[in-house]
Number of protein chains: 2
Amino acid sequence: MAVTIKDVAKIANVAPSTVSRVIANSPRISEKTKEKVREVMHQLGYHPNFIARSLASQSTQAIGLIMPSSTDIVFQNPFFPIVLGGLSEGAQAKQYVLHMTTGKTDHEIYEGVVSMIQGGRVDGMILLSSKVEDKVLSYLHEQDFPFVVIGKPFKDTESITHVDNDNFKAAREVTNYLISLGHEKIGFIGGDLNLVVTVDRLLGYEKALEEAGIPLTSEYIIHNQFLREGGREAVQILLSSGAMPTALVVADDLMALGVLNALDEVGISVPEDLSIVSFNNVMIAEMAKPPLTSVDINIFNLGFEAAKSLIQKIENPNEPAKRIIIPYEIVERLSCSEPKAKKGSTP
Amino acid sequence: MAVTIKDVAKIANVAPSTVSRVIANSPRISEKTKEKVREVMHQLGYHPNFIARSLASQSTQAIGLIMPSSTDIVFQNPFFPIVLGGLSEGAQAKQYVLHMTTGKTDHEIYEGVVSMIQGGRVDGMILLSSKVEDKVLSYLHEQDFPFVVIGKPFKDTESITHVDNDNFKAAREVTNYLISLGHEKIGFIGGDLNLVVTVDRLLGYEKALEEAGIPLTSEYIIHNQFLREGGREAVQILLSSGAMPTALVVADDLMALGVLNALDEVGISVPEDLSIVSFNNVMIAEMAKPPLTSVDINIFNLGFEAAKSLIQKIENPNEPAKRIIIPYEIVERLSCSEPKAKKGSTP
DNA sequence: TTGTACGCGTTATCAC
DNA sequence: GTGATAACGCGTACAA
């Protein structure tokens, strides 16, 4: 059996409570006994038992996270490991650990969250992608359990702490960028409309067109999974509709890669025939041929700040909800140019 | 305060211990009282407190994992999220959760492991990449704490449970494949020689050459980080040495991608001028231009089996150490062909 | 079959 | 400043 606080107390000739106070570095203990107790702790190789501490203090120093199932879209996207990195570093900075489970179905995930929380395993939760109707979110909200969502909650935006990019603005900005290059036939390929992020980006895209006086073309707007296959299919839909835009706003790099592949196969070249801007700026954006102009949404910081503000919320339960906006940056590469028709005409 | 076992006991008119037994589904409780107690549990929305349970039963149903720092090589490689997926699904299957921390330096990681274990937070540990001199591994080993390593331990292979591929055999096989295509000038680009996996693959490569009676050329063997930049640099070294092989065994897809990029820049085309086979078969292998012939090492299963056998070990502490070999598969794509010189001569 | 009592290793609330 | 002592919520001998 491991050495406990009692063992230390006995050898140091003090009471267990004194040892506990030394651990907590209580100011009401004399430097002399502190020294003595620390000496013994060291000598015995004492390590505090987190479980017992958690039980007594009703806090675990752990934050919960439900991983999407490995078959899931979210998981296959490089987005995931990067937020995870940010989360764990943000947690680590405040001496918190990450506590993870997986769930295959929505129901499994829900049950996982409930047992994590009711079981007292974690002090707070991180919610990854928020859907339009999110049972988990509603649950946490009504339980008044500390949580923060990465992305934008569909409703109650004001009362839920979340960290997000200004996706609306970003989408408007990249669309304007394409417009400024001379494009008018601009399409949008986004993910599941149940995901709030898709909605935001779509709205930004629409807003930009509207402001430029360009009418929306419904054939130009396609939704699919945030995956490479989603991008491929989107191109096929576009092709079969007969109406091909000259530029595309794609809501995810992986999708954009699928788009690139599909275009390559049918001999449409980027950026000569078609310009593309995408979102996230993960490694593949740089690797693609041609390298993609992409919106760097600073994924790592999304995670880092989420962890930070969750811990803040855990330790100050009465603070009001916050919205944290992580800045984005458009990284120009080689996937955009002026539309073909205009090309010769400008000079 | 949450509803406890006592509350349930009171309402159900039984002793707390009875409720506890109902939860554990003890056979010595009558079906009738079980029914009654369950009814009350449901009605009150009772959820067992994991922390208290852990303290009493001295087991946490959690397995520990130290994430590499997000700045680290391991982390940037798509390998990581995939094993993580396997691990978490393997854990989930037996109702275990994952407990994660990060560590920037080796020392931080070591301290993290010690406090995780001595703090009683986890029942077992997963070790990701095993280095040649691994303090963490030695610590766990001498503590006789349940752990399994993914990859091959440098020493004590027989007494340490690990799950691995037969990297030696795989490397020999792909090298033979290149030889069978007619190549004789075959290079090897691997990762850090401190990583056991690199050593294994290098040895397999050397063995194949030896068996084919092809002398080793030290200029053809290069080590670098398992990253894209590592691949780029390797090519530069190769180029500046003046001796360019006609084929390359690259120990990692991401490195291979770097190789591809660097070759592209200097106008060497794959597979016409140079054949490449790489390892891991992550998504980018398929995405690369040309798509890479790669050894699929079944990363997900590596994680899945690791979690499974760790839990097995936790629940049966006396079982002897096991070695689990996950099968690999060579996935042929378009990055290999016969060497140029031989090309015309065969028909 | 069920209840009583104690222990798991801490923290926290009193006293002194 | 420091020492008893009671929680924290549950598992489990031991009794009954």
Side-chain angles (χ1 to χ4, degrees), chain A residues 1-38 40-41 44-62 95 115-123 315, chain B residues 1-38 40-41 44-62 95 115-123 315:
Chain A
M1 182 86 345
V3 26
T4 77
I5 225 173
K6 286 182 189 166
D7 303 325
V8 176
K10 206 168 291 175
I11 309 238
N13 264 321
V14 294
S17 48
T18 304
V19 179
S20 176
R21 291 192 185 101
V22 173
I23 295 170
N25 198 15
S26 158
R28 332 188 305 185
I29 298 286
S30 75
E31 270 311 317
K32 205 172 121 205
T33 38
K34 274 189 187 174
E35 203 102 331
K36 184 175 63 181
V37 171
R38 290 206 182 104
V40 176
M41 287 187 352
L44 261 50
Y46 169 79
H47 282 269
N49 183 311
F50 283 104
I51 305 294
R53 171 179 290 183
S54 295
L55 186 58
S57 66
Q58 302 286 58
S59 93
T60 60
Q61 299 267 105
Q95 315 274 47
S115 96
M116 235 188 209
I117 291 175
Q118 302 296 341
R121 288 230 224 212
V122 297
D123 295 342
E315 297 178 346
Chain B
M1 180 88 349
V3 25
T4 79
I5 224 175
K6 284 183 191 166
D7 303 325
V8 177
K10 205 168 291 172
I11 308 240
N13 265 320
V14 293
S17 51
T18 304
V19 178
S20 175
R21 291 190 184 102
V22 172
I23 294 170
N25 200 15
S26 160
R28 335 187 301 185
I29 298 287
S30 75
E31 271 310 319
K32 206 172 120 204
T33 36
K34 274 190 187 173
E35 203 102 331
K36 185 175 64 183
V37 171
R38 289 205 182 107
V40 176
M41 286 185 356
L44 290 170
Y46 169 79
H47 282 267
N49 183 311
F50 284 103
I51 303 295
R53 170 180 290 183
S54 295
L55 186 59
S57 66
Q58 301 286 59
S59 92
T60 60
Q61 299 268 102
Q95 314 274 46
S115 94
M116 236 189 212
I117 291 176
Q118 303 295 341
R121 289 230 223 210
V122 297
D123 295 340
E315 297 178 347

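A close approach under 4.0 Å does occur between a side-chain nitrogen or oxygen of A:Gln58 and OP1 or OP2 of D:dG9. In this structure, A:Thr33 does not reach the D:dG1 phosphate: none of its side-chain N or O atoms is under 4.0 Å from OP1 or OP2.
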Sequence neighbours excluded and cut-off under 3.5 Å, please list the side-chain donor-acceptor pairs for residues 31-38 of chain B, or say none.
from    : atom 1 : to      : atom 2 : distance (Å)
B:Thr33 : OG1    : B:Ser30 : O      : 3.0
B:Thr33 : OG1    : B:Ser30 : OG     : 2.7
B:Lys34 : NZ     : B:Asn25 : OD1    : 2.9
B:Lys34 : NZ     : B:Ser26 : O      : 3.1
B:Arg38 : NH2    : B:Asn25 : OD1    : 3.3

Side-chain donor-acceptor pairs under 3.5 Å in residues 47-55 of chain A, sequence neighbours left out?
from    : atom 1 : to      : atom 2 : distance (Å)
A:Asn49 : OD1    : A:Ile51 : N      : 2.8
A:Asn49 : OD1    : A:Ala52 : N      : 2.9
A:Ser54 : OG     : A:Phe50 : O      : 2.8
A:Ser54 : OG     : A:Ser59 : O      : 3.3

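Rounding to the nearest 0.5 Å gives a distance of 7.0 Å between CG of B:Leu44 and CG of B:Asp7.
Residue B:Ile29 is the one, among B:Ile29 and A:Ile23, whose nearest nucleotide of DNA chain C lies closer to the 5' end (criterion: closest heavy atom). Heavy-atom distances to DNA chain C give each of B:Ser30 and B:Leu55 a nearest nucleotide, and the one nearer the 5′ end belongs to B:Ser30.
As rounded to whole Å, 11 Å separates atom P of D:dG11 from atom CD of B:Gln61. In this structure, B:Met41 places its CE atom 15 Å from C1' of D:dG9, rounding to the nearest Å. The interatomic distance linking B:Arg121 (CZ) with C:dG9 (P) rounds to 17 Å, in whole Å. The separation between A:Ile5 atom CD1 and D:dT2 atom C1' is 14 Å, rounded to whole Å. One interatomic measurement links the two molecules: CZ of B:Arg53 to P of D:dG9, which rounds to 15 Å at whole-angstrom precision. Distance, A:Ile51 CD1 to C:dT11 C1': 15 Å, rounded to whole Å. Atoms OH (A:Tyr46) and C1' (C:dT10) sit 7 Å apart, rounded to a whole Å.
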Please write out each protein N/O paired with an N/O of nucleotides 12-16 of chain D under 3.5 Å, distance rounded to 0.1 Å.
from   : atom 1 : to      : atom 2 : distance (Å)
D:dA13 : N6     : B:Arg21 : NH2    : 2.8

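Taking the C1' atoms of five terminal pairs at each end of the helix from C:dT1-D:dA16 to C:dC16-D:dG1, the two resulting helix axes are inclined by 40°, rounded to 10°.
Listed here is the closest heavy atom pair of B:Gly45 and B:Val3: O-CG1, 3.8 Å.
Under the side chain to side chain contact (heavy atoms under 4.5 Å, CB included) criterion, A:Ile5 pairs with A:Pro16, A:Val19, A:Ser20, A:Ile23, A:Tyr46, sequence neighbours left out. Considering only residues two or more places apart in sequence or on other chains, A:Thr60 meets the side chain to side chain donor-acceptor pair (under 3.5 Å) condition with A:Asp123. In this structure A:Ala24 satisfies the side chain to side chain contact (heavy atoms under 4.5 Å, CB included) test with no other residue, sequence neighbours excluded. With sequence neighbours excluded, the residues forming a side chain to side chain contact (heavy atoms under 4.5 Å, CB included) with B:Ser17 are B:Ala15, B:Arg21, listed by chain and number.
Contacts between residues 6-15 of chain B and DNA chain D, defined by a heavy-atom separation below 4.0 Å, involve no residue at all.
At a threshold of 4.0 angstrom between heavy atoms, the contacts of B:Ser54 with the nucleic acid are absent.
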